[in-house]
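Read through the structure below, which is laid out as structure tokens, and then see the notes.
Order of the sequence lines fixes the chain letters, A, B, ..., with proteins taken first and strands second; residue numbering starts at 1 for each chain.
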Number of protein chains: 2
Amino acid sequence: MANMEKEYNLSKNQQIVFDIIEKSSEPVKAYSILFNVKKKGIKAPPQVYRALEKLIKLGKIHKVESKNAFVACKSSNCEVSKATAFSICEICEKVTEIANNKLSNFLNSFEDKSGMKYKKYNLEFFGLCKKCKKT
Amino acid sequence: MANMEKEYNLSKNQQIVFDIIEKSSEPVKAYSILFNVKKKGIKAPPQVYRALEKLIKLGKIHKVESKNAFVACKSSNCEVSKATAFSICEICEKVTEIANNKLSNFLNSFEDKSGMKYKKYNLEFFGLCKKCKKT
DNA sequence: AACACTATGTAATAATATAACGTTTGAAAG
DNA sequence: CTTTCAAACGTTATATTATTACATAGTGTT
């Protein structure tokens, strides 16, 4: 019920692309999406990239810049994407979105030397996940 | 004098590529570098990418992921690149490396819910620079 | 000299992303 | 309901970014 309206105003292609990303347990690349939606009638890169662009604007997905790949936003009703943080394992490449108030509060209120504040940021942490640390 | 040894052990191609990046006031793209070093005998992408890879490892340059472009490290004798933060203007696209102890201390000691710490991060802030804010 | 390691040169191609067009659709205003 | 406008769509072509693969050359060590 809570997320009934979540995908309300997505267009056909946007919904198809979003479904692929949301179902994946790992970041999905644009051309992987393209390959997977050929059967649904999406045939060319611009169709995928346009959907991605819109989904990012809506905050429904994020781009993991260091991987050129896309993940669904897990934060509860993240309406508009402006502040993202990810944890990335350097071995298994697992990517997890970090939702941490202390972190986001700190970054949202960060001021540089010139007193400039930022309304938007993207942070990518690299390290070893639990599994990979053990081995 | 202080930076006499800075570029000591760079190979020929590494030095050529580094010079281009260091002289630029803005992030430089790989193919822009390639174009600019044709006259110096570097003719093919792998030559540039290999130099870039090495320079990143050495901490002499950083990649600005959201722009697929490279900047020289301005931090004083940054031997190895592991923690980077940039300020990016959304209008004029000016990129500045942020050197801020409060920020780096916070991020270096950050622990996520699972107690995981990270040895490396990349942070990109987006906003309007002073100039662009005025207009 | 033999070895390992790093760097180089080169051709080909893979992977990621956008430009440019014209058409269709769907919601809002008259 | 039909005009209008913006968003979304379909398609072709192309631009941009990055890597694979393989052969050669330099550099330092033992």
For B/Ala99, enumerate each residue passing the side-chain contact (heavy atoms from CB on, under 4.5 Å) test, keeping only those at least two apart in sequence or located in another chain.
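Once residues adjacent in sequence are excluded, B/Ala99 has no partner under the side-chain contact (heavy atoms from CB on, under 4.5 Å) criterion.
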Can we call the ring centroids of B/Phe125 and A/Phe110 under 6.0 Å apart?
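So the answer is yes for these two rings.
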Distances for protein N or O near nucleotides 17-24 of chain C N or O, under 3.5 Å:
residue : atom : partner : partner atom : Å
C/dA17  : OP1  : A/Lys63 : NZ           : 2.7
C/dA17  : OP1  : A/Asn68 : OD1          : 3.4
C/dA17  : OP2  : A/Tyr49 : OH           : 3.1
C/dA17  : N7   : A/Tyr31 : OH           : 2.7
C/dA17  : N6   : A/Tyr31 : OH           : 3.1

Residues in side chain to side chain donor-acceptor pair (under 3.5 Å) with [X], at least two apart?
X: A/Asn68; result: none
X: B/Ser87; result: A/Tyr118
X: A/Gln14; result: A/Ser11
X: A/Lys12; result: none

Please confirm whether the shortest side-chain N or O distance from [X] to OP1 or OP2 of [N] is below 4.0 Å.
X: B/Gln14; N: C/dA7; answer: yes
X: A/Gln47; N: D/dC9; answer: no
X: B/Ser11; N: C/dT6; answer: no
X: B/Lys12; N: D/dT27; answer: no

What is the separation between atom [atom1] on [X] and atom [atom2] on [N], rounded to the nearest whole Å?
X: A/Lys67; N: C/dA15; atom1: NZ; atom2: C1'; result: 15 Å
X: A/Leu10; N: D/dA8; atom1: CG; atom2: P; result: 10 Å
X: B/Lys57; N: C/dC5; atom1: NZ; atom2: C1'; result: 13 Å
X: A/Lys40; N: D/dC9; atom1: NZ; atom2: C1'; result: 17 Å
X: A/Ile33; N: C/dA15; atom1: CD1; atom2: P; result: 16 Å
X: B/Asn9; N: D/dT27; atom1: CG; atom2: C1'; result: 13 Å
X: B/Leu52; N: C/dT8; atom1: CG; atom2: C1'; result: 15 Å
X: A/Lys29; N: D/dT19; atom1: NZ; atom2: C1'; result: 12 Å

Connecting only ILVMFWY residues whose side-chain heavy atoms lie within less than 4.5 Å of each other, what is the rest of A/Leu128's hydrophobic cluster?
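Reading the cluster by chain and number, A/Leu128 sits alongside A/Ile91.
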Considering only nitrogen or oxygen atoms on both sides, find all protein atoms under 3.5 Å from nucleotides 24-26 of chain D and state each distance.
none

B/Lys54 side-chain proximity, nearest of C/dA7, D/dG10, C/dT8:
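Ranking C/dA7, D/dG10, C/dT8 by closest atom to the B/Lys54 side chain puts C/dA7 first.
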Run the ring-ring contact (aromatic ring centres under 6.0 Å, His included) test against A/Tyr49 and tell me which residues pass, sequence neighbours left out.
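None.
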Side-chain donor-acceptor pairs of residues 25-46 of chain A under 3.5 Å, sequence neighbours excluded:
residue : atom : partner : partner atom : Å
A/Lys29 : NZ   : A/Lys67 : O            : 3.1
A/Asn36 : ND2  : A/Ser32 : O            : 2.7

Minimum heavy-atom distance A/Phe86-A/Lys63, with the two atoms named:
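Scanning both residues completely, I find the closest heavy atoms to be CE1-O, 4.2 Å.
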May I ask you to say whether A/Lys120 pairs ionically with B/Glu90, meaning some side-chain N is under 4.0 Å from a carboxylate O?
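Yes, charged N to carboxylate O under 4.0 Å.
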Salt bridge (Lys or Arg N to Asp or Glu O under 4.0 Å) involving B/Lys130 - partner list, sequence neighbours excluded:
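None.
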To the nearest 10 degrees, what angle separates the axes at the start and end of the helix from C/dA1-D/dT30 to C/dG30-D/dC1, five pairs each?
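Angle reported: 30°, given to the nearest ten degrees.
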